[in-house]
Amino acid sequence: MTELRARPEAAEYPSFYAGYVASVPDGDITDVLQTASTDLNASLASIPEASGAHAYAEGKWTVRTVIGHMIDAERIFSYRLLRIARGDATPLPGFEENGFALTAESDSRSVAELAGEMAAVRASTLALLASLPDAAWARSGTVNNAHVSVRALAYITTGHALHHLNVLRERYGVARA
């Protein structure tokens with residue numbers, strides 16, 4: 001494994017993301033993300049449509065909304081990664097996840113459609129990471145007024161999806177595929 005794709009140091013990302021980064025298994029992040037993708041895709045594809053509207057508590061997101069959030073977040077994290085990897089020094093904004101979840105209207109879509117879109121987004125993320133030259137992995141930039149590196153964004157992307165897949169399993173009863 002190249003050091004460029006190894007776990008980032010804490011100084012490479014905001015402390016808010018520490019849990020996501022820590023949850024990612026050791027190894028080359030491109031390999032880890034590929035392995036995680038198989039589990040993610042199979043797990044989401046196995047969710048019965050009847051479970052899509054389930055929320056584990058009053059005021060919590062439904063299964064469909066969680067999947068929609070995972071899709072939006074992965075796209076945003078990948079976009080940030082792309083901009084910084086390409087050497088763009090423009091500070092990038094944050095995003096308000098609840099506003100995105102509300103306007104995405106994921107509950108009007110089928111679980112199967114959302115699972116398919118998540119698989120497509122993940123395939124795009126994997127292709128992006130595979131395309132990065134070594135120099136890109138060492139770059140860093142500013143997101144939401146905080147310093148973050150390309151490799152940290154790869155770990156954050158992976159850890160975020162792992163976090164929400166675990167939430168779907170533990171609080172929504174989604175089975176392991």
Side-chain angles (χ1 to χ4, degrees), residues 7-8 13-27 29-82 92-129 143-144 146 148 151-177:
R7 186 173 308 281
Y13 54 88
S15 61
F16 171 81
Y17 293 117
Y20 295 157
V21 173
S23 72
V24 177
D26 288 330
I29 190 58
T30 55
D31 297 335
V32 171
L33 187 63
Q34 179 63 58
T35 300
S37 298
T38 302
D39 181 39
L40 174 67
N41 294 341
S43 293
L44 295 182
S46 73
I47 298 172
E49 191 58 47
S51 298
H54 172 67
Y56 69 88
E58 179 80 25
K60 295 297 182 181
W61 289 348
T62 65
V63 168
R64 287 187 201 107
T65 301
V66 172
I67 299 169
H69 166 70
M70 293 169 71
I71 292 165
D72 284 350
E74 184 137 340
R75 280 190 170 123
I76 290 167
F77 293 145
S78 292
Y79 173 73
R80 291 170 174 175
L81 189 150
L82 172 67
L92 301 172
F95 80 104
E96 205 290 297
E97 64 185 31
N98 289 310
F100 271 56
L102 179 66
T103 58
E105 299 184 16
S106 297
D107 282 327
S108 68
R109 300 173 64 197
S110 71
V111 172
E113 182 183 1
L114 290 163
E117 184 177 351
M118 183 69 231
V121 170
R122 176 55 58 89
S124 176
T125 301
L126 286 164
L128 173 60
L129 294 182
V143 174
N144 202 22
V148 68
R151 72 179 178 166
L153 282 165
Y155 272 79
I156 291 164
T157 302
T158 306
H160 180 267
L162 289 171
H163 165 76
H164 284 291
L165 183 56
N166 285 333
V167 168
L168 286 169
R169 288 178 173 148
E170 294 169 9
R171 296 184 184 163
Y172 293 82
V174 171
R176 290 191 182 274

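What you see is a predicted model; the values in this text were computed from it and never measured.
Taking the side chain as every heavy atom from C-beta outward, Gln34 and Thr30 never approach each other to under 4.5 Å. Under the 4.5 Å side-chain criterion, counting only non-hydrogen atoms from C-beta, Ile29 is not in contact with Arg151. At least one side-chain heavy atom of Ile67 sits less than 4.5 Å from a side-chain heavy atom of Ile47. Considering only heavy atoms from C-beta on, Phe100 comes within 4.5 Å of Ile76 through its side chain. No side-chain heavy atom of Leu44 sits less than 4.5 Å from a side-chain heavy atom of Leu114. Annotation: side chain of Val167 is not in contact with side chain of Val66 (no heavy-atom distance under 4.5 Å). Leu81 places none of its side-chain heavy atoms less than 4.5 Å from the side chain of Ile156.
Taking CG of Asp72 as the reference point, atom CE of Met70 lies at 11.5 Å (rounded to 0.5 Å). Annotation: the span from Arg75 atom CZ to Leu82 atom CG amounts to 14.0 Å, rounded to 0.5 Å. Here the CE atom belonging to Met118 is positioned 10.0 Å from the CG atom belonging to Leu165, to the nearest 0.5 angstrom.
A donor-acceptor pair under 3.5 Å is formed between the side chain of Ser46 and the backbone N or O of Ser43. Side chain of Glu96 to backbone of Gly99: a donor-acceptor contact under 3.5 angstrom is found. A donor-acceptor pair is defined here as one N or O able to donate and one able to accept, closer than 3.5 Å; no such pair exists between the side chain of Ser124 and the backbone of Ala120.
The two atoms that bring Pro25 and Val32 nearest to each other are O-CG2, 3.7 Å, heavy atoms only. Closest approach of Ala53 and Thr62 over heavy atoms only: O-CG2, 3.5 Å. The minimum heavy-atom distance linking Ala152 with Pro8 is given by the pair CA-CG, 3.7 Å. For the pair Tyr56 and Arg171, the tightest heavy-atom approach, listed with the atom from each and the gap, is CB-O, 3.0 Å. Residue Leu153 comes nearest to Phe77 through the heavy atom pair CD2-O, 4.4 Å, listed as atom of the first residue, atom of the second, then distance. When all heavy atoms are compared, the tightest approach of Val143 to Pro93 is CG1-O, 4.1 Å.
Taking the six-membered ring where tryptophan is involved, the planes of Tyr17 and Tyr20 are tilted, since the angle between them lies from 30° to 60°.
Residues satisfying the ring pair (Phe, Tyr, Trp, His ring centres under 6.0 Å) criterion with Tyr79, sequence neighbours excluded, are absent altogether. Partners of Arg80 according to the salt bridge (charged side-chain N to carboxylate O under 4.0 Å, His left out) rule, which considers only residues two or more places apart in sequence or in another chain, do not exist here.
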Just do the salt bridge (Lys or Arg N to Asp or Glu O under 4.0 Å) check on Glu49 and Arg64 with the steps written out, would you?
-> CA-CA 9 Å; Glu49 191 58 47; Arg64 287 187 201 107; 3.0 Å; yes
List the steps, then state whether side chain to side chain contact (heavy atoms under 4.5 Å, CB included) holds for Leu162 with Asp39.
-> CA-CA 10 Å; Leu162 289 171; Asp39 181 39; 5.8 Å; no
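Each of His160, His164, Arg122 was checked for a side-chain hydrogen bond (donor to acceptor under 3.5 Å, both in side chains) with Glu74, and the lone residue meeting it is Arg122.
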